[in-house]
S.K.: 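After the structure tokens below, expect a handful of questions from me.
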Amino acid sequence: MKRERTSKILNTVWVTACAIIFLMPLLWMLSSSLKTGPEVFAKDFTWLPKVFQWENYVRVWTDSKVPFWKLYVNSLTVSVVGTLGQLLISSLAGYALAKLRFRGKNFVFLLMMITMMIPGQATIIPRYMMFFSVGLYDTLWALILPSFFSISSIFLLRQFYLGLPNDLMEAARVDGGSNFQIWSRILLPLTKPAMVTVTVLSFISSWNEYLSALIFLPSNKNYTVSLGVQYWMQMTDEYNLMMAAAASTILPIIVLFIATQKYFVESIATTGVKG
């Protein structure tokens with residue numbers, strides 16, 4: 001028991017040290033965002049500013065050209081709508097690939113997995129030409145529509161559906177339930193942990209998307225938070241304002257992860273376990 005207790009203490013100390021190391025850049029960013037410009041790189045470094053400069057955030061959020069509140073609206077629109085679409089499509093596809101029987105199912109799944117090896121950058125030019133030709137260029141839909149389709153989310157939900165017993169489906173079929181009713185009323189409520197995981201991963205991916213936003217959203221009115229941080233890096237050499245802009249982007253991610261951490265861990269632990 002003494003050896004086990006010592007091992008737990010050492011593991012706790014090790015994990016805590018790693019957590020502190022990973023948190024250092026985040027803490028420095030938050031500290032710098034509340035300082036004056038000269039204080040950020042002062043020789044006598046202090047974690048806490050002499051006077052908290054809350055006006056840094058006011059300047060960033062109320063900038064006349066790119067106000068951060070507008071960036072938040074755009075990013076939330078892209079992330080929320082894109083996540084809802086991805087949940088619907090990935091759940092339906094995962095259910096079909098896991099529970100339905102049709103000719104060529106394994107071949108279709110193999111093709112979908114092969115597409116995961118294609119880098120997203122390779123599709124930038126085709127997407128640009130397509131969006132420009134149909135009038136979606138310089139609109140938020142240029143970011144929303146591609147996020148509807150995620151092979152990794154389909155794979156995750158497929159693995160989760162495979163772990164659900166087929167007896168549930170058979171009982172529903174005996175009662176006259178259709179495939180849509182079986183999916184929506186029987187199996188979908190049981191996939192809550194996996195759906196939460198897809199929600200977190202999809203939201204974070206859409207929220208942090210930079211390359212597509214840079215190419216498809218040239219107008220300031222459609223800027224997302226990632227482009228807003230780039231704007232502040234180009235428009236000023238005041239690192240306190242840059243850090244205030246960067247710190248403003250992480251709040252929704254932190255809130256989302258804390259709220260869904262329990263289900264996220266549960267899904268990762270059970271995905272791939274076949275019942």
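In this text, all values refer to a predicted model and were calculated from it rather than measured experimentally.
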S.K.: As a quick check of understanding, evaluate side-chain contact (heavy atoms from CB on, under 4.5 Å) for Leu241 and Met235, giving each step before the final call.
M.R.: CA-CA 10 Å; Leu241 297 182; Met235 295 302 296; over 6 Å; no
S.K.: Taking Thr224 for its side chain and Asn74 for its backbone only, find out whether a donor-acceptor pair lies under 3.5 Å.
M.R.: no
S.K.: For the NZ atom of Lys221 and the CG atom of Leu140, what is their distance to the nearest 0.5 Å?
M.R.: 9.5 Å
S.K.: Can Ser33 and Tyr57 be counted as having a side-chain donor-acceptor contact under 3.5 angstrom?
M.R.: yes
S.K.: Would you check if the side chain of Thr191 reaches a backbone N or O of Leu188 as a donor-acceptor pair within less than 3.5 Å?
M.R.: yes
S.K.: Going by atom types only, do Glu4 and Ser7 share a side-chain donor-acceptor pair under 3.5 Å?
M.R.: no
S.K.: Taking the six-membered ring for Trp, are Tyr72 and Trp207 closer than 6.0 Å centroid to centroid?
M.R.: yes
S.K.: Treating Thr139 as the side-chain partner and Gly135 as the backbone partner, does any N or O pair qualify as donor plus acceptor under 3.5 Å?
M.R.: no
S.K.: Step through the shown structure and confirm whether more than 12 heavy atoms of other residues, nucleotides or ligands are within 6.0 Å of CZ on Arg173.
M.R.: yes
S.K.: Is the backbone of Leu48 close enough, under 3.5 Å, to the side chain of Thr46 for a donor and an acceptor to pair up by distance?
M.R.: yes
S.K.: First locate atom CD1 of Ile182, then atom CG of Leu168, and finally report the distance between them rounded to the nearest 0.5 Å.
M.R.: 10.0 Å
S.K.: Has Arg127 got its NZ or CZ under 6.0 Å from the middle of the six-membered ring of Phe216, at an angle within 45 degrees of the ring axis?
M.R.: no
S.K.: Any side-chain donor-acceptor pair under 3.5 Å between Thr36 and Gln53?
M.R.: no
S.K.: Is there a donor in the side chain of Asn220 and an acceptor in the side chain of Tyr231, or the other way round, less than 3.5 Å apart?
M.R.: no
S.K.: Could you check whether atom CE of Met233 has more than 12 heavy atoms from other residues, nucleotides or ligands sitting under 6.0 Å from it?
M.R.: no
S.K.: Is Trp28 reachable from Leu23 through a run of hydrophobic residues whose side-chain heavy atoms are each under 4.5 Å from the next?
M.R.: yes
S.K.: With a sphere of 6.0 Å drawn around CZ of Phe22, does it hold more than 12 non-hydrogen atoms of other residues, nucleotides or ligands?
M.R.: no
S.K.: Show your reasoning for whether side-chain contact (heavy atoms from CB on, under 4.5 Å) applies to Phe203 and Phe257.
M.R.: CA-CA 10 Å; Phe203 187 93; Phe257 186 78; over 6 Å; no
S.K.: Is there a side-chain contact (heavy atoms from CB on, under 4.5 Å) between Leu71 and Leu227 once you walk through the steps?
M.R.: CA-CA 8 Å; Leu71 306 182; Leu227 295 180; over 6 Å; no
S.K.: If you define the side chain from C-beta out and look only at heavy atoms, does anything of Met243 sit under 4.5 Å from Val40?
M.R.: no
S.K.: Are Arg59 and Glu238 ion-paired here, with the side-chain N under 4.0 Å from a carboxylate O?
M.R.: yes
S.K.: For Lys35 and Asn240, indicate whether the former's side chain and the latter's backbone hold a donor-acceptor pair under 3.5 Å.
M.R.: no
S.K.: Is there a side-chain contact (heavy atoms from CB on, under 4.5 Å) between Ser248 and Val225? Walk through the geometry before answering.
M.R.: CA-CA 9 Å; Ser248 298; Val225 291; over 6 Å; no
S.K.: Could you tell me whether the side chain of Ser32 and the main chain of Met29 form a donor-acceptor pair under 3.5 Å?
M.R.: no
S.K.: Check whether any side-chain N or O of Ser31 sits under 3.5 Å from a backbone N or O of Trp47 as a donor-acceptor pair, and report yes or no.
M.R.: yes
S.K.: Just by distance, with hydrogens left out, do Ser202 and Gln86 show a side-chain donor and acceptor under 3.5 Å apart?
M.R.: yes
S.K.: Restricting to non-hydrogen atoms, name the atom on Asp63 and the atom on Val66 that form the minimum distance, rounded to 0.1 Å.
M.R.: OD2-N, 2.8 Å
S.K.: Are Ser91 and Tyr161 close enough that a side-chain donor and a side-chain acceptor fall under 3.5 Å?
M.R.: yes
S.K.: If every non-hydrogen atom of Ala142 is compared with every non-hydrogen atom of Phe131, which pair is closest and at what distance?
M.R.: O-CE1, 3.4 Å
S.K.: Distance alone, cut at 3.5 Å: any donor-acceptor contact between the side chains of Asp138 and Asn222?
M.R.: yes
S.K.: Please find the pair of heavy atoms, one from Ser212 and one from Ile124, that lie closest to each other, and give the distance.
M.R.: OG-CD1, 4.2 Å
S.K.: Would you check if the distance from the ring center of Phe180 to the ring center of Trp183 is below 6.0 Å?
M.R.: yes
S.K.: Between Gln159 and Leu156 (side chain of the first, backbone of the second, donor and acceptor by atom type, cut-off under 3.5 Å), is there such a pair?
M.R.: no
S.K.: Is the count of non-hydrogen atoms from other residues, nucleotides or ligands lying under 6.0 Å from Ile254 atom CD1 greater than 12?
M.R.: yes
S.K.: Quick one: does Asn56's side chain get under 4.5 Å of Leu34's, heavy atoms only?
M.R.: no
S.K.: Which label fits Phe68 and Trp61: parallel for a plane angle under 30°, tilted from 30 to 60°, or perpendicular past 60°?
M.R.: tilted
S.K.: Return the CD1 to CG distance between Ile250 and Asn208, rounded to the nearest 0.5 Å.
M.R.: 11.0 Å
S.K.: Would you give the length of the straight line joining atom OG1 of Thr77 to atom CD1 of Ile144, rounded to the nearest 0.5 angstrom?
M.R.: 6.5 Å
S.K.: Once you round to the nearest 0.5 Å, how far does CD1 of Ile215 lie from CD1 of Ile125?
M.R.: 8.5 Å
S.K.: Looking only at atom types and distance, does a side-chain atom of Thr83 sit under 3.5 Å from a main-chain N or O of Val80, one as donor and one as acceptor?
M.R.: no
S.K.: Would one find more than 12 heavy atoms of other residues, nucleotides or ligands at under 6.0 Å from atom CE of Met129?
M.R.: no
S.K.: Taking CZ in Phe107 as the centre, count heavy atoms belonging to other residues, nucleotides or ligands within less than 6.0 Å. Is the count above 12?
M.R.: no
S.K.: Can Met24 be reached from Phe45 by stepping across I, L, V, M, F, W or Y side chains whose heavy atoms are under 4.5 Å apart?
M.R.: yes
S.K.: Verify side-chain hydrogen bond (donor to acceptor under 3.5 Å, both in side chains) between Ser206 and Glu209, making sure each step is shown before the conclusion.
M.R.: CA-CA 5 Å; Ser206 297; Glu209 179 60 47; over 6 Å; no
S.K.: Would Trp232 and Trp54 show up in the same hydrophobic cluster when neighbours are defined by side-chain heavy atoms closer than 4.5 Å?
M.R.: yes
S.K.: Do you know the tightest heavy-atom contact between Leu190 and Pro193?
M.R.: O-CD, 4.1 Å
S.K.: According to a hydrophobic-cluster definition based on side-chain heavy atoms being under 4.5 Å apart (Ile, Leu, Val, Met, Phe, Trp, Tyr only), do Val134 and Leu145 belong together?
M.R.: yes
S.K.: If I compare all heavy atoms of Ser90 with all of Ser150, which pair ends up nearest, and what's the gap?
M.R.: OG-O, 4.0 Å
S.K.: Side chains of Asn166 and Lys99: donor-acceptor distance under 3.5 Å anywhere?
M.R.: yes
S.K.: Rounded to the nearest 0.5 Å, how far does CG of Leu97 lie from CE of Met112?
M.R.: 5.5 Å
S.K.: Is Asp175 reaching over with its side chain to a backbone N or O of Gly177, donor-acceptor style, under 3.5 angstrom?
M.R.: no
S.K.: Indicate, with yes or no, if Ile118 and Met116 share a hydrophobic cluster defined by side-chain heavy-atom contacts under 4.5 Å among Ile, Leu, Val, Met, Phe, Trp and Tyr.
M.R.: no
S.K.: Can a side-chain donor-acceptor contact be found between Gln230 and Tyr223 if the only test is distance below 3.5 angstrom?
M.R.: no
